[in-house]
Amino acid sequence: MKETLTRDDLVAALRKMGDDLTEQAETLRELDAAIGDGDLGITITIGFGALEEALDELADQDMSTILMRGGMAFNRKAASTFGALFATMTMRAARELRGVESIGTAELAQMATAAFEGVKERGKAELGDKTMLDALGPTAEALQQAADEGVLLVVALERAEEAALKGVQATVEMKSKTGRSSWFSERTQGVQDPGATAVYMMVRSLAGYVATAE
Amino acid sequence: MKETLTRDDLVAALRKMGDDLTEQAETLRELDAAIGDGDLGITITIGFGALEEALDELADQDMSTILMRGGMAFNRKAASTFGALFATMTMRAARELRGVESIGTAELAQMATAAFEGVKERGKAELGDKTMLDALGPTAEALQQAADEGVLLVVALERAEEAALKGVQATVEMKSKTGRSSWFSERTQGVQDPGATAVYMMVRSLAGYVATAE
Amino acid sequence: MKKIINEPMAFVDEMLEGILLAHPDQLKVTSDPRAIIRADAPVEGKVAILTGGGSGHLPVFLGYVGQGLADGCSVGNVFSSPSAETMYEATLATHGGVGCLYLYGNYSGDTMNFDMAAEMADMEDIRVETVLVSDDVASAPREQWKRRRGVAGLVFAYKVAGASAAEGATLDEVVAVTRRAVAQTCSMGVALAPCTVPAAGVPTFTIGDDEMEIGMGIHGEAGVHRGKLESADQIAERLTRAVVDDLPFKRDDQVAMLINGLGATPPEELYVLYRRVRQILEGEGIFVYRSYIGEYATSLEMAGASLTLLRLDEELTRLIDAPAKSPFFEQS
Amino acid sequence: MKKIINEPMAFVDEMLEGILLAHPDQLKVTSDPRAIIRADAPVEGKVAILTGGGSGHLPVFLGYVGQGLADGCSVGNVFSSPSAETMYEATLATHGGVGCLYLYGNYSGDTMNFDMAAEMADMEDIRVETVLVSDDVASAPREQWKRRRGVAGLVFAYKVAGASAAEGATLDEVVAVTRRAVAQTCSMGVALAPCTVPAAGVPTFTIGDDEMEIGMGIHGEAGVHRGKLESADQIAERLTRAVVDDLPFKRDDQVAMLINGLGATPPEELYVLYRRVRQILEGEGIFVYRSYIGEYATSLEMAGASLTLLRLDEELTRLIDAPAKSPFFEQS
Ligand SMILES: Nc1ncnc2c1ncn2[C@@H]1O[C@H](COP(=O)(O)OP(=O)(O)O)[C@@H](O)[C@H]1O
Ligand SMILES: Nc1ncnc2c1ncn2[C@@H]1O[C@H](COP(=O)(O)OP(=O)(O)O)[C@@H](O)[C@H]1O
Ligand SMILES: [Mg+2]
Ligand SMILES: [Mg+2]
Ligand SMILES: [Mg+2]
Ligand SMILES: [Mg+2]
């Protein structure tokens, strides 16, 4: 269990995230195939692959640089809606990390909120439009709440995971209002949003790292 | 049973031939698909269809004209190797019919021989090359023999049918030396030649007409 | 679907290598291997037309880089957007000092990446305007036509924008006439069989042996009607009705028409379809000024076709008639 | 395979109707609806190039009727020869007083019908010479190359003969240079999936989901090797070896190269194939002077591709480079 994340933790957590998400690529592909174009599986596999490769070069940079460059590497190799939004998230979160040496609950909450705002700006979507915002929003909110209460990182991430899961489950009943799936908005009801699912998986992976890492 | 064929018989026999061969079109398609391009089924269906249509217009012409124009109508609508050779056969046979009022064994033998020579000229193939010649040659020969012996048309056609059948069966073991199938000559062994099969079916149809018509 | 490929992950790069080997007189690559531009770029004093999108749609997008067409293209993985950085490279390498038009199909992946690229170009004081092509009638109602997908209508947009820029128009002029063209372009497609993205290995959708889907998107996005496969004439009726009633196209309108094959559908079938669409249009008094029939915007080996109409005015007619030349599109 | 057609028996006539509706400035019909000729035919004083064959191979055959190409075409049913009478009509309507070249693929149905047509033309004192294209290496050994099938090599033959006739060459000259081109043209193909003739309704051949057939003919005639589907690079190796070793093509030869798609194979894959063939040729010191990549001779929706090489000399280079224009082929 980790109380804060150092630079090495950030790198390790990102690697774990890559491994975890890549393992789930087929699930994401299927969800995206159901209401999108089915490329999210490839995006995840290639994108996280590129990120992990970039980490090899970046390991001795500061945390902010690692996160920003890592996200850019993801989108360079696996550009897509998800890729651009992933890069936007990491870039905005990285901004919050400038000069920061270790990530606790407060820092993580700031990062998540910044990422959420970034995605909103880039994608011009709203909560409830059936997008990754619907997982990212609750995540940021839960972390902010945890930060306000001053709870430990591991608890904060437990709550964030729960919030993200609820958020992602709520997307099932939503009708898509933006992006590819909005072209057949009616038919998207009943299917969980793939991008939101990916965000939930990322939160879960991070929660897992913090809970189990020595 | 018919002792000779009049103009009305010729028309009726050609119609029967069209019906019989069209019924067998699928068999011919399959044989042609095995060692050729599979179009012989369509050629037969369309070609004999065109011939039968032409007969409606031609019924009051003389026998020679009926046969020649009928063959040309076949090839106009279903041009192909088989179509061109069918037109060649009918044209050459028609030449033998100029001024003839009824077809007995001798006339039929002359027609078959002329058709055989015509196909040889047009197609530049030899007996044993695995072509329709291998059915047409034995047919002409059997009819000539029958004519020499002076036997009745029905008997002559019985023998011709038998000869054509033997001829067509012999094509099974032959390797194709001309036309489309010669491009994979080796692999044609074991398959009966489609064009020869069609000729055999034509002879059988005619034999049937002569044997059963009132 | 069986494919003539090597490593699926190398597919796009090997394809690009082949295209560059084949057409060095017309195309060249920039410092970014996915940013491909005209061999004579940058053309000083000419508005640069930049495009891009996922691979798998040739001649769209790269095939329309050429004389009287686009200047550069950023090339994504199959059915995936290119990156912002690639588009930025293409921009740097083609802009001729008088601004750039980003002209591409309305897909959120492309929009987000190319918007990022435009912001990067802006930091270099390169002026970028964007026109999104959104011609697929099946993807949103008329009132929301700007939300529609971009499909084969891209071809007319390239033709118009490219010819206008080649004539020496300013960026504002190019943008204006291209917007006008896009606003008067409608498409409707039918899919009969899916395609398979090499790296995915499974078909983009499933469809019964006796079924068709009207309005399906070029990546397999669901359409507006799935039913029994109909005759070419019935399909023509459906596509024409959808397109004509949408804008709507009216008696005495003069149009450019595109019957586009999605990949596996032979040109013979496209002409059978063309025949009936043309008859219907003539019946309605709509005059077909110019026709394009063939594979202009594909989806790998998808089977199916689409109809696109562009309503012409005097300027658009001149621009559509202008010569153009790329390795994939030639008109003299 | 699902098709966008109406009555299968009407397929060819409806396709022709569509083509004539679409391209009235370039093509016209004769008194025989299956004999289609250049809109400006007959061209007085020019050798007329006549071609023809079964439908289902667009742009072959009709697609090569145009400026600097053929003058007329007789159009058969799908994969079936046109009739002698149709070819005769096309001949009457195009000959410009200085003789005709019948230029087509070596298939016995066509040969027999066009020989009949030539005899009919002869009776009208129209001189006809015939050059058969027989470029498919898979169909007979080198010593018997004149027995081979005609496949995508037709495209180079049209280009050469058409350009020569357009230059004002005599019939004998056109025949001589076309024969020289044909004698130096070799092709080899690979099929991955069959096509279905509309009126037949069943695939032309069957092949396992993981198989390919090297050397298969464009109507599904059996090839020389059936085996597991290989990578694009391995296929390139097979096709290139077969073609190069056949003529043989040698170091310092200059060639025109065609990578042709059979129907369902996307252009992206053709460029992946092109890439490797080109690398191999360069490795052997064979110089690719000009490349054509795309669908130039198809088999409906068959999946697969072919490689064609033509060894160039000075005259052939000039003729290959000459401009040409038809509704399906444009080179400036
Ligand atoms: N405007 C938007 N804002 C936020 N998220 C979006 C937006 N549009 C799409 N998404 C997210 O992107 C996911 C799809 O990503 P991806 O498969 O890369 O998209 P595409 O293939 O359509 O380009 C969706 O499930 C959704 O969560
Ligand atoms: N040179 C030839 N002489 C005589 N018969 C021939 C010749 N070539 C082919 N045939 C016959 O034609 C038949 C095939 O006819 P068809 O299917 O019309 O040919 P294709 O489809 O190859 O044009 C063969 O089975 C054979 O009997
Ligand atoms: Mg997607
Ligand atoms: Mg046949
Ligand atoms: Mg996508
Ligand atoms: Mg045939």
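Proteins come first, then strands; the chains are lettered A, B, ... in the order of their sequence lines, and each starts at number 1.
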Select one option (side chain, backbone, both, neither) describing which atoms of C:I293 are under 4.5 Å from chain D's heavy atoms. side chain
Given a strict heavy-atom distance threshold of 4.5 Å, which part of C:I235 is in contact with chain D: side chain, backbone, both, or neither? side chain
Choice from [options] maximising heavy atom contacts with chain D below 4.5 Å:
| options | value |
| --- | --- |
| C:V12, C:L300, C:L270 | C:L300 |
| C:L16, C:I19, C:L229, C:V78 | C:I19 |
| C:L21, C:L273, C:V288 | C:L21 |

What are the two closest heavy atoms between D:I5 and C:V272, and how far apart are they? CA-CG1, 4.4 Å
N/O donor-acceptor pairs between chain C and chain D, cut-off 3.5 Å:
residue : atom : partner : partner atom : Å
C:K2    : NZ   : D:L192  : O            : 2.5
C:K2    : NZ   : D:G208  : O            : 2.9
C:K2    : NZ   : D:E211  : O            : 2.8
C:I4    : N    : D:E269  : OE1          : 2.8
C:I5    : O    : D:A232  : N            : 2.9
C:N6    : OD1  : D:S231  : OG           : 3.4
C:N6    : OD1  : D:A232  : N            : 3.2
C:N6    : OD1  : D:D233  : N            : 2.9
C:N6    : ND2  : D:D233  : OD1          : 2.9
C:E17   : OE1  : D:R275  : NE           : 3.1
C:E17   : OE2  : D:R275  : NE           : 3.2
C:E17   : OE2  : D:Q279  : NE2          : 3.2
C:L21   : O    : D:R278  : NH1          : 3.1
C:H23   : NE2  : D:Y271  : OH           : 2.7
C:G56   : N    : D:E268  : OE2          : 3.4
C:H57   : N    : D:E268  : OE2          : 3.2
C:L58   : N    : D:E268  : OE2          : 2.9
C:L192  : O    : D:K2    : NZ           : 2.5
C:G208  : O    : D:K2    : NZ           : 2.8
C:E211  : O    : D:K2    : NZ           : 2.8
C:S231  : OG   : D:N6    : OD1          : 3.4
C:A232  : N    : D:I5    : O            : 2.8
C:A232  : N    : D:N6    : OD1          : 3.2
C:D233  : N    : D:N6    : OD1          : 2.9
C:D233  : OD1  : D:N6    : ND2          : 2.9
C:E268  : OE2  : D:G56   : N            : 3.4
C:E268  : OE2  : D:H57   : N            : 3.2
C:E268  : OE2  : D:L58   : N            : 2.9
C:E269  : OE1  : D:I4    : N            : 2.8
C:Y271  : OH   : D:H23   : NE2          : 2.7
C:R275  : NE   : D:E17   : OE1          : 3.1
C:R275  : NE   : D:E17   : OE2          : 3.2
C:R278  : NH1  : D:L21   : O            : 3.2
C:Q279  : NE2  : D:E17   : OE2          : 3.2
C:E330  : OE2  : D:S332  : N            : 3.1
C:E330  : OE2  : D:S332  : OG           : 2.5
C:S332  : N    : D:E330  : OE2          : 3.1
C:S332  : OG   : D:E330  : OE2          : 2.5

